A.B. asks: 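Here's a structure for you.
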Amino acid sequence: MSSPEQWTHPEPGEGPAARAAQPSREQVIAGLRATTEGGAELTQLLTPEGERVASPQFDRYVADIDGDALRGLYRDMVLVRRADRESNAMQRQGQLGIWVPLLGQEAAQIGSGRALKPQDMAFPSYREHGVAYTRGVDMRELLGIFRCTDHGGWDFQAHRFHPYTIVIGNQVLNATGYAMGQKFEGKVGDDDGEATIVYFGDGATSQGDVHEGFVWAAVYDAPLVFFCQNNQWAISEPTERQSRLPLYQRARGYGFPGIRVDGNDVLACLAVSRWALDECRHGNGPVLIEAFTYRMDAHTTTDDPTRYRLSDELEAWKLKDPIERVRAFLARNGFADQSFFDEVQAEADTFAAELRDFCFNMPEPPPERVFENVYAEPSPVLDAQREEYLSYLDGFATAGER
C-alpha cells in the first residue's frame with residue numbers, strides 16, 4: 001500500500017503533507033491552486049489576455065510566425081474544436097460508440113503538431129485529433145475508430161502519424177523503438193534529420209511502459225520528444241496524487257532535459273516543440289515536454305467529471321482558453337477583424353456538417369474486413385480463421401430461412 005504522504009507533497013514552507021487516508025478540504029484546495037498557473041518555470045509567449053511575452057530562449061523558434069501564420073493557427077484550433085464538439089454530440093445521439101474529447105487542449109496539439117517536419121513521425125494515444133489534423137489525416141477517418149467499424153483507416157506511413165493506441169502508455173514503447181531505429185540507421189545529425197514525438201497524458205506517467213521508454217531512449221540517445229499533455233486529471237485522479245514533483249522534472253532522473261510549457265499557449269507550444277525536435281534531430285537525445293493544460297470536458301463520454309472536480313476550477317481555466325487568447329492578440333494588434341472571425345466560424349460549421357453527414361451515412365464494413373491488414377504477407381492461419389468465422393455467420397442466415 002502506498003504511503004498517504006504521496007497524496008500531496010508540498011514544497012518546503014507550504015505546509016505538511018497529508019497524513020490521513022483522505023486529504024482535508026484545505027489540502028485539496030491547496031493542491032488545486034498549486035496547479036493553476038504552472039509554476040515559475042512555465043514557458044509562456046502569449047498570456048491568457050492575449051499579450052505577447054518576450055523569451056530570449058524561444059523567440060527565435062517562432063520568428064517566422066507573422067500575422068498570417070498566427071491566423072492559420074487560430075483557424076486550426078477553431079476547426080478542430082468544432083469537429084470535436086460535433087463528434088461529442090454525435091456520440092450522445094448514438095452515432096458513435098464513444099468519443100474522447102480534446103476540449104481545452106487544442107493549443108498543445110496544434111502547436112506541437114505544426115512543429116513537426118514532413119520526415120518526422122508522431123505516435124498518438126487516443127485523444128490527439130488535433131495532431132492528426134496537422135498531419136493531414138482526414139478527420140472523417142477518425143470516426144471509424146469510435147463508431148467501431150475499423151482500427152484507423154489512414155496510411156500511417158504516408159501521414160507519418162501512427163494509429164491510435166488505447167492501452168495507456170503503450171505507444172511510448174512503440175515510439176522509443178521507432179526512434180532508436182532512426183538513430184541506428186543514421187537518420188539524425190543535421191537539419192534534415194528525423195525525429196519522433198510521442199503523446200501521452202499525465203496519468204500515463206504512472207505506467208511502467210512510460211518509464212521503460214524513458215530508460216531506453218536515454219541510454220540510446222533516441223531522437224524522441226516525450227510530449228506529456230498534463231490536463232490535470234487522470235480520469236478522476238488529480239496530478240498531485242501521482243507525483244511528488246512537477247512531471248517535467250522527472251526527466252532529470254533519466255539524464256535528459258525536461259521543460260514545462262503553457263499548454264494553452266499555441267505559440268509557446270510551437271516554439272518549445274520546434275526546439276525539442278531540433279535537439280533530437282541533431283542527435284542530442286530525448287527531451288520531455290510537459291504541456292500544462294486542462295481538460296475542459298469529460299475524460300471520455302462515459303465519464304462524469306462533476307463527481308470528482310470542483311466547478312470553480314473549471315471556470316478558472318475557462319479564462320485561459322487557448323483559442324480566446326489568440327483571438328485577443330489578433331484583434332488587439334490589427335491582424336484580424338470581425339469578418340475574419342466570422343469567416344473562420346462559418347468554415348468550422350461547414351467542416352462539422354460534412355463530418356456529421358459522413359458519420360450518419362458511413363457504410364457498414366463487411367465482416368471479413370476485420371481480417372484485413374493484420375499481417376503484411378498472407379497467412380494460412382489467418383485465412384483459416386476468416387473462413388471459419390464467415391462459415392459461422394452463414395449458419396445464422398441458414399437458420400433464419402427455416
Side-chain angles (χ1 to χ4, degrees), residues 71-116 118 120-166 171 197 199 201 227 229 231 266 269-270 293 295-301 322-323 326 343-365 369 373:
R71 285 193 298 271
L73 293 172
Y74 174 85
R75 174 184 175 274
D76 289 343
M77 290 192 291
V78 171
L79 262 63
V80 166
R81 175 174 291 188
R82 185 66 181 84
D84 172 72
R85 296 296 81 200
E86 192 67 31
S87 299
N88 203 77
M90 287 191 290
Q91 191 283 328
R92 298 306 191 196
Q93 295 166 357
Q95 295 300 317
L96 299 177
I98 193 173
W99 182 249
V100 185
L102 61 73
L103 185 65
Q105 298 180 221
E106 296 88 357
Q109 295 193 16
I110 295 299
S112 61
R114 289 301 184 196
L116 292 163
D120 295 334
M121 188 69 177
F123 284 77
S125 60
Y126 44 71
R127 198 185 302 274
E128 280 68 51
H129 320 315
V131 183
Y133 173 81
T134 67
R135 299 306 278 170
V137 175
D138 190 327
M139 294 201 73
R140 292 175 295 186
E141 293 184 289
L142 300 177
L143 295 180
I145 303 172
F146 302 100
R147 196 175 170 91
C148 307
T149 59
D150 61 59
H151 300 295
W154 62 90
D155 185 333
F156 73 91
Q157 284 288 9
H159 291 286
R160 309 293 286 171
F161 185 77
H162 196 266
Y164 276 14
T165 302
I166 305 301
Q171 70 276 14
I197 190 168
Y199 294 87
F227 196 93
Q229 293 180 85
N231 62 22
V266 69
C269 288
L270 176 64
T293 182
R295 168 168 56 82
M296 292 201 292
D297 201 346
H299 177 73
T300 71
T301 47
I323 295 178
V326 178
E343 179 183 329
V344 171
Q345 189 58 55
E347 183 181 0
D349 290 340
T350 300
F351 187 56
E354 292 173 351
L355 197 67
R356 184 179 185 84
D357 180 69
F358 175 82
C359 184
F360 273 67
N361 296 288
M362 190 186 304
E364 293 294 330
R369 182 175 174 180
N373 303 317

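Since the structure is predicted, the reported quantities are computational estimates derived from the model, not experimental observations. Positions are given from 1, in the same order as the sequence printed here.
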A.B. asks: If you look at every heavy atom in Leu79 and Glu347, which pair is closest and at what distance?
C.D. replies: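 Looks like CD2-OE2, 4.0 Å.
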A.B. asks: Please report the closest heavy-atom contact between Tyr74 and Val344, naming both atoms and the distance.
C.D. replies: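 Scanning both residues, the minimum pair turns out to be CE2-CG1, 4.1 Å.
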A.B. asks: Once rounded to the nearest 0.5 Å, what's the spacing between atom CG of Asp349 and atom CD of Glu354?
C.D. replies: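 Going from the CG atom of Asp349 to the CD atom of Glu354 covers 11.5 Å.
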A.B. asks: What heavy-atom pair brings His129 and Val100 nearest, and what distance separates the two atoms?
C.D. replies: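 Result for this residue pair: NE2-O, 2.7 Å.
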A.B. asks: Main chain of Pro101, side chain of Arg127: is a donor-acceptor contact present, judged purely on distance under 3.5 Å?
C.D. replies: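 Side chain of Arg127 to backbone of Pro101: a pair is present.
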A.B. asks: Does the pair Val326 and Val266 meet the rule for a side chain to side chain contact (heavy atoms under 4.5 Å, CB included), with working shown?
C.D. replies: CA-CA 8 Å; Val326 178; Val266 69; 3.7 Å; yes
A.B. asks: Which value, rounded to the nearest 0.5 Å, describes the distance between Met296 atom CE and Gln105 atom CD?
C.D. replies: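 Answer rounded to 0.5 Å: 9.5 Å.
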A.B. asks: Hey, is the main chain of Asp138 close enough, under 3.5 Å, to the side chain of His159 for a donor-acceptor pair?
C.D. replies: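 Answer holds: no.
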A.B. asks: Once rounded to the nearest 0.5 Å, what's the spacing between atom CG of Leu143 and atom CD of Gln91?
C.D. replies: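 Between Leu143 CG and Gln91 CD, I get 12.5 Å after rounding to 0.5 Å.
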A.B. asks: Report the residues that fulfil side chain to side chain contact (heavy atoms under 4.5 Å, CB included) with Arg92, sequence neighbours left out, ordered by chain and then residue number.
C.D. replies: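 Once residues adjacent in sequence are excluded, the partners of Arg92 under the side chain to side chain contact (heavy atoms under 4.5 Å, CB included) criterion are Asn88, Thr301.
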A.B. asks: Can you see whether His162 engages Arg135 through a side-chain donor-acceptor pair at a distance of less than 3.5 angstrom?
C.D. replies: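 There is no such pair between these side chains.
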A.B. asks: Can you tell me how far apart CG (Leu270) and CZ (Arg114) are? Round to the nearest 0.5 Å.
C.D. replies: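 Between atom CG of Leu270 and atom CZ of Arg114 there are 10.0 Å.
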A.B. asks: Testing the basics here: between Ser112 and Ile197, what is the closest heavy-atom pair and its distance to 0.1 Å?
C.D. replies: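 Heavy-atom minimum between the residues: CB-CD1, 4.3 Å.
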A.B. asks: Do you know which of Val131, Ile110, Leu103 makes side-chain contact (heavy atoms from CB on, under 4.5 Å) with Val80?
C.D. replies: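 For Val80, the side-chain contact (heavy atoms from CB on, under 4.5 Å) check succeeds only for Ile110.
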A.B. asks: Given side chains that start at C-beta, do those of Arg369 and Glu364 come closer than 4.5 Å, heavy atoms only?
C.D. replies: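 Contact flag for Arg369/Glu364 side chains = no.
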A.B. asks: What pairs meet the salt bridge (Lys or Arg N to Asp or Glu O under 4.0 Å) rule with one or both residues in residues 154-166, with sequence neighbours excluded?
C.D. replies: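 Sorted pair list: Arg160-Glu194.
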A.B. asks: Taking Ser125's backbone N and O only, do any of them form a donor-acceptor pair with Glu128's side chain (distance below 3.5 Å, no angle check)?
C.D. replies: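 Yes.
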A.B. asks: Here's a test for you: under salt bridge (charged side-chain N to carboxylate O under 4.0 Å, His left out), which of Arg81, Arg85, Arg75, Arg82 qualifies with Glu106?
C.D. replies: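 The salt bridge (charged side-chain N to carboxylate O under 4.0 Å, His left out) with Glu106 is passed solely by Arg81 among Arg81, Arg85, Arg75, Arg82.
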A.B. asks: For the residue pair Ala107 and Pro322, what are the closest heavy atoms and their distance?
C.D. replies: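 Shortest heavy-atom contact: CB-CB, 3.5 Å.
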A.B. asks: Using the ring pair (Phe, Tyr, Trp, His ring centres under 6.0 Å) definition, which of the options Phe161, Phe227, Tyr164 pairs with Tyr199?
C.D. replies: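 It is Phe227, the one option of Phe161, Phe227, Tyr164 that forms the ring pair (Phe, Tyr, Trp, His ring centres under 6.0 Å) with Tyr199.
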A.B. asks: Roughly how far apart are Cys359 SG and Gln95 CD, rounded to 0.5 Å?
C.D. replies: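 Rounded to the nearest 0.5 Å, the SG-CD separation comes to 5.5 Å.
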A.B. asks: Kindly indicate whether the side chain of Trp99, heavy atoms from C-beta on, has any atom under 4.5 Å from the side chain of Asp84.
C.D. replies: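 Touching, per the 4.5 Å side-chain cut-off.
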A.B. asks: Do the side-chain N and O atoms of Thr300 and Tyr126 include a donor-acceptor pair separated by under 3.5 angstrom?
C.D. replies: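 The answer is no; no qualifying pair exists.
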A.B. asks: Using side chain to side chain contact (heavy atoms under 4.5 Å, CB included), reason through Trp154 and Leu142 one step at a time and then give a plain yes or no.
C.D. replies: CA-CA 8 Å; Trp154 62 90; Leu142 300 177; 3.6 Å; yes
A.B. asks: Indicate the atoms forming the closest heavy-atom contact of Gly104 with Thr293, along with that distance.
C.D. replies: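 Shortest heavy-atom separation between Gly104 and Thr293 comes out as O-OG1, 3.1 Å.
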A.B. asks: Would you give the length of the straight line joining atom CG of Leu96 to atom OG of Ser87, rounded to the nearest 0.5 angstrom?
C.D. replies: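 Reported to 0.5 Å precision, the distance equals 6.0 Å.
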A.B. asks: Apply side chain to side chain contact (heavy atoms under 4.5 Å, CB included) to Met362 and Arg140, showing your working.
C.D. replies: CA-CA 10 Å; Met362 190 186 304; Arg140 292 175 295 186; over 6 Å; no
A.B. asks: Is the shortest side-chain heavy-atom distance between Phe358 and Met139 below 4.5 Å?
C.D. replies: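 They are not in side-chain contact.
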